[in-house]
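None of these values were measured; they are calculated from a predicted model. Counting convention: from 1, in listed order, for ligands and their atoms alike.
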Amino acid sequence: MALLFLPTALLHGSDADLILHNGKIVTVDPGFSVKQAVAVKNGRITAVGDDQAILGTERGPRTKVMNLGGRMVLPGLTDSHLHPYEAGLSELRGPIPRLDSFAAIQEFIREQAAIRPKGEWIIVPRTFPTRLRELAMPTREVLDVATEHPVMFDASYVVVVNTYAIKMCGIDRNTPNPPRGVIVKSENGEPNGILRNAQSLLKGLKPTASFTTGEKLAALEKMLKLYRSAGLTSVGDGAVTDEEFALYEKLRLGSKLPVRVVLTWWVDIARPAEDLIAEIKAAPQAMNSGDDWLKWGAFKVNVDGGMTIGTAYQRQPYGPFGRQLYGQTDPTNRGQLFAPPEKSVEVFRAARDKGWALSAHCQGGGAIDVFLDAMEVLDRERPIAPTRSHLIHASFQSPEAIRRAKRLGVLADVQAEWLYLDGPALEKVFTYEGMRYFFPLRSYIDAGVVAAGGSDHMIGYDRNKAVNPYNPFMGLWTAVTRKTVRGNVVYPEERITREEALRMYTTWAAYLQFAETTRGSIEAGKLADMVVIDRDYLTCPEDQIKDIVPATVIVDGKIFDGGTK
Ligand SMILES: [Zn+2]
């Protein structure tokens, strides 16, 4: 056995920086082997094996030796899709209370009204109606508890404003809808406060303008550190602007990035196609450029809106419950496509020609079909599979679309939290049968479609209470159990094994990020990113998976404390 490690020992001079031993090292190598010990030098894993071999051949006079006492080590986990900048700023000025009912929202508004000058905007932090006790979009009347402040309820592509804001912004029954947006009216023809993709009508709203560059930088670093203490060692930023890229670069140049970051270049598909194509051709950033800490990983557009707010573009109408949940007025409404399909093809073609992996926010089934149609057109020109292009979210899948994704070599970047938090409300809109291919992990794996796990974390610091929770062990637990926040199980036939779930957050996520040769598993030669956990992920009672806490997180061979917050 010792002979096996001889070449490594010779190469690395038998003096590891760090050895972890007497543990269960879940390598996630091709055979999913579990070993006892691992050695690290210069930020890389140099050897994995049994205690005797590793301690015998890798230990030198200055090696730090950590006895795991039987504890389990996983590869550092990857979250394929989140929004650390937005989240980092969200609680910088104070904690956000849990907004899970109209009463909690009204309480928040009253408190803000008491401390803010009259006439100043009060913004209710990002909340989705699917997660409110009432299972309904608040109306302007709910927000009218403040009569001397404009109030905005932020549900991302949809917002609700109060009566004061409607008057202040000069919106009335005759105001024309902005391009691609809708001012929703009540039966008497008056605006009811809901603005769908029409935030451009609101005056004096500058959510991040009040933060200094120093605060923005500190917020981003803080959020990335919180990810690290949750067991994440690599993350994919789901939509990066030029301003955010400059902040990331600053952290990288100062060697201050707490975790590895893969950036997604997002453009607004609503802009004129000629402008977008010119920008893509002239862009200084290139696919995969960067280093192991910070690099570009995909080009992204948004094909449709959100299923939590009734703007995801579905294959069928939202039906009667859409009225209560989303404030929809047209029962034949299928949601919203942000660009004509032909335009998406043109823009994607330009990005493909520059070497980008193509990706798209697609929540509804209709949006998934539009993206796959575009990939099919491009695939006829030149195989698309080598680009590792991928669907983002892709919640409402179908067997046909999954087969097509496999044929094209398209991957899926999927979020367990949508099932856990929004499953119960979505079932009311689409019926239980309509949830059959929602977050269909078993179907992806059986079809051979690579699925990467992410959270879409966007608001709040707490790993379990944030919108959306970024605790990777919650995601693993949901993938294995398919349980929702209300305790019911949604289509158990789509459950996957613990091993498969772990691959979603390690090797498969690394593959999606073109990083499978450097990370995702604990194997000699790979980056020394690992997480020591407080119980046995592979054998603990199933419902304890979500309670697993990282005791120690190792990034680039350096040791950090895990933590419960
Ligand atoms: Zn996102």
Member of Arg131, Arg126, His81 meeting the side-chain hydrogen bond (donor to acceptor under 3.5 Å, both in side chains) criterion with Asn468
Arg131
In terms of heavy-atom contacts, does CG of Asp242 have more than 12 from other residues, nucleotides or ligands at under 6.0 Å?
no
Donor-acceptor side-chain pairing of Glu417 and Thr478 below 3.5 angstrom:
no
Trp477 side chain to Asp547 side chain, donor-acceptor N/O pair below 3.5 angstrom:
no
Shell of protein N/O/S atoms around the Zn ion (ligand 1), taken as anything under 2.8 Å:
His81 NE2, His83 NE2, Asp456 OD1
Fit a plane to each ring of Trp418 and Phe128, take the angle between them on a 0 to 90° scale, and name the class: parallel (under 30°), tilted (30 to 60°) or perpendicular (over 60°).
tilted
Does a sphere of radius 6.0 Å around NZ in Lys354 hold more than 12 heavy atoms from other residues, nucleotides or ligands, not counting ones at 6.0 Å or beyond?
yes
